Amino acid sequence: MTDKYDAIFSGVIGQDYELLNLICPLATKMSRLVGDAVSDYAAHTTGNLTVVELGGGTGITTLSLLTASDKLNILSIDNEPVMQEQAKKHLHKWATEGRLAFCGDDALTALKNIATGSVDIVASAYTLHNFLDTYRNEVLQEVFRILTPGGRFINGDRYGLDDVSKHTRTIQDEVSGYFKVLTQINKLDVLEHWIVHLFSDESENHVMRESVALKQLSDAGFSIITLSHRLEVNALVTATKPD
Ligand SMILES: C[S@@+](CC[C@H](N)C(=O)[O-])C[C@H]1O[C@@H](n2cnc3c(N)ncnc32)[C@H](O)[C@@H]1O
């Protein structure tokens with residue numbers, strides 16, 4: 001059943017949202033949770049907040065941020081022009097209002113160009129798991145550097161289960177789900193793309209295993225590190241830069 005939130009997103013993002021919701025409803029749910037976490041943060045602060053989004057894609061997570069609070073000024077980074085062009089089209093209204101700007105650099109390059117201690121929130125969904133682990137480590141160190149003291153990192157993403165056997169079973173169920181949904185609507189090209197991509201997600205130099213990922217945040221200097229809302233291989237992670 002389509003709720004009000006889905007209706008808003010379908011209206012703004014269109015088919016991209018509807019297809020993602022069909023193939024992987026947990027992915028759209030994670031974007032919503034990222035928005036909720038940003039909304040909670042904003043509720044406890046006064047004045048405008050500077051937000052950097054990593055991997056805006058077609059704009060689903062960005063829209064979740066924009067609707068989370070009207071106090072946010074967002075810089076959305078994505079180095080895939082085809083994706084970012086769609087976000088620019090979908091979210092034109094907010095860009096015109098001056099609440100949203102785009103950067104086409106890769107995440108690490110973009111972060112290196114941002115001043116130390118100048119950003120309140122770095123938010124992201126389903127982007128960091130695509131990074132090579134060494135690149136991700138550098139990105140997290142830059143995220144820590146650009147945040148203000150008290151600033152927050154909020155990421156909804158694929159966090160691999162520490163129990164590897166359970167993780168494998170969960171991925172097997174995930175694959176079955178893709179076959180079921182995508183053969184039903186005869187989208188075999190999309191099915192091929194998702195399965196091929198999954199091999200990259202699951203490769204040893206990409207997978208973000210829960211305990212390793214949380215330690216990586218702690219090593220970067222973060223405190224109050226939480227992992228919540230675990231839904232299969234997906235979870236919401238938040239971390240705070242100490243005052
Ligand atoms: C799976 S999409 C997620 C999009 C959106 N956040 C969502 O949840 O629907 C991941 C996005 O990250 C972007 N991306 C991947 N690697 C990147 C990098 N190194 N720098 C910037 N963007 C990157 C991709 O181009 C893609 O648009």
Side-chain angles (χ1 to χ4, degrees), residues 5-6 8-10 12-38 51-68 72 74-91 100-114 121-143 146 153-159 174 178 190 193-203 205-208 229 231 233-237:
Y5 181 95
D6 284 331
I8 293 169
F9 276 63
S10 298
V12 178
I13 310 285
Q15 280 182 355
D16 290 329
Y17 179 76
E18 282 157 26
L19 188 60
L20 183 63
N21 217 7
L22 187 69
I23 307 171
C24 191
L26 295 182
T28 53
K29 185 160 185 182
M30 273 296 149
S31 277
R32 190 189 294 212
L33 290 171
V34 169
D36 290 348
V38 169
V51 180
V52 167
E53 184 197 18
L54 304 178
T58 58
I60 294 170
T61 319
T62 325
L63 181 58
S64 185
L65 299 173
L66 287 163
T67 52
L72 313 182
I74 303 170
L75 175 67
S76 180
I77 299 164
D78 200 299
N79 66 344
E80 177 47 69
V82 176
M83 301 288 272
Q84 197 172 57
E85 281 310 313
Q86 292 178 66
K88 282 182 182 167
K89 204 170 82 192
H90 297 143
L91 306 175
L100 173 64
F102 292 96
C103 168
D105 291 336
D106 77 280
L108 188 57
T109 305
L111 289 167
K112 283 188 170 163
N113 287 326
I114 296 175
I121 299 170
V122 176
S124 190
Y126 290 100
T127 298
L128 269 74
H129 79 269
N130 290 297
F131 297 168
L132 273 175
D133 48 11
T134 46
Y135 179 92
R136 188 187 305 131
N137 207 18
E138 285 188 74
V139 163
L140 289 173
Q141 286 176 30
E142 285 300 308
V143 167
I146 67 164
F153 169 66
I154 299 171
N155 187 35
D157 215 322
R158 296 173 71 89
Y159 283 94
E174 190 180 342
Y178 296 150
V190 180
H193 172 84
W194 275 67
I195 300 296
V196 168
H197 184 83
L198 198 61
F199 273 87
S200 161
D201 287 352
E202 290 304 310
S203 62
N205 54 359
H206 284 88
V207 76
M208 287 201 291
H229 300 84
L231 301 160
V233 296
N234 314 283
L236 182 76
V237 165

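Every number for a ligand or one of its atoms is a count from 1 in the order of the listing. Source: prediction; values computed, not measured.
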For atom 22 (N) of ligand 1, the closest protein heavy atom turns out to be N79 OD1, 3.3 Å
Distance to 0.1 Å, residue and atom name: give those for the protein heavy atom nearest to atom 16 (N) of ligand 1.
F131 CE2, 3.4 Å
Please list the nearest protein heavy atom to atom 1 (C) of ligand 1 with its residue and the distance rounded to 0.1 Å.
Y126 O, 3.2 Å
Are a donor atom and an acceptor atom from the side chains of Y126 and N130 found within less than 3.5 Å of each other?
no
Please identify which atoms of ligand 1 are closer than 4.0 Å to at least one heavy atom of M83.
27 (O)
The side-chain contact (heavy atoms from CB on, under 4.5 Å) partner of F153 among L128, V52, I121 is L128
Looking only at protein heavy atoms, identify the closest one to atom 8 (O) of ligand 1 and say how far it is in Å.
T61 OG1, 3.1 Å
Does a donor on one side chain and an acceptor on the other come within less than 3.5 Å for D201 and H206?
no
For R136, which of D133, T134, L132 qualifies under side-chain contact (heavy atoms from CB on, under 4.5 Å)?
D133
Atoms in ligand 1 with a heavy atom of S31 nearer than 4.0 Å:
8 (O)
Side-chain heavy-atom pair L231, M30 within 4.5 angstrom cut-off:
yes
Should we count NZ of K29 as having more than 12 external heavy atoms under 6.0 Å?
no
Geometry only, no angles: is E53 polar-contacting ligand 1 at N/O separations under 3.5 Å?
no
CD1 of I77 to CG of L111: how many Å apart, nearest 0.5 Å?
5.0 Å
Does the pair T58 and Q86 meet the rule for a side chain to side chain donor-acceptor pair (under 3.5 Å), with working shown?
CA-CA 5 Å; T58 58; Q86 292 178 66; 5.4 Å; no
Contact (N/O only, under 3.5 Å) between N130 and ligand 1:
no
Describe, in one word, how the ring planes of H193 and H197 are oriented to each other, choosing from parallel (under 30°), tilted (30 to 60°) and perpendicular (over 60°).
parallel
Minimum-distance protein heavy atom relative to atom 4 (C) of ligand 1
G55 O, 3.5 Å
Below 4.0 angstrom from a heavy atom of Y135, which ligand 1 atoms are there? Numbered from 1 as shown, please.
19 (N)
closest protein heavy atom to atom 20 (N) of ligand 1 is A107 N, 2.8 Å
Give me the residue, atom name and distance of the protein heavy atom closest to atom 3 (C) of ligand 1.
A125 O, 3.6 Å
If you have a sec, work out which protein heavy atom is nearest atom 25 (O) of ligand 1 and how many Å separate them, to one decimal?
D78 OD1, 2.7 Å
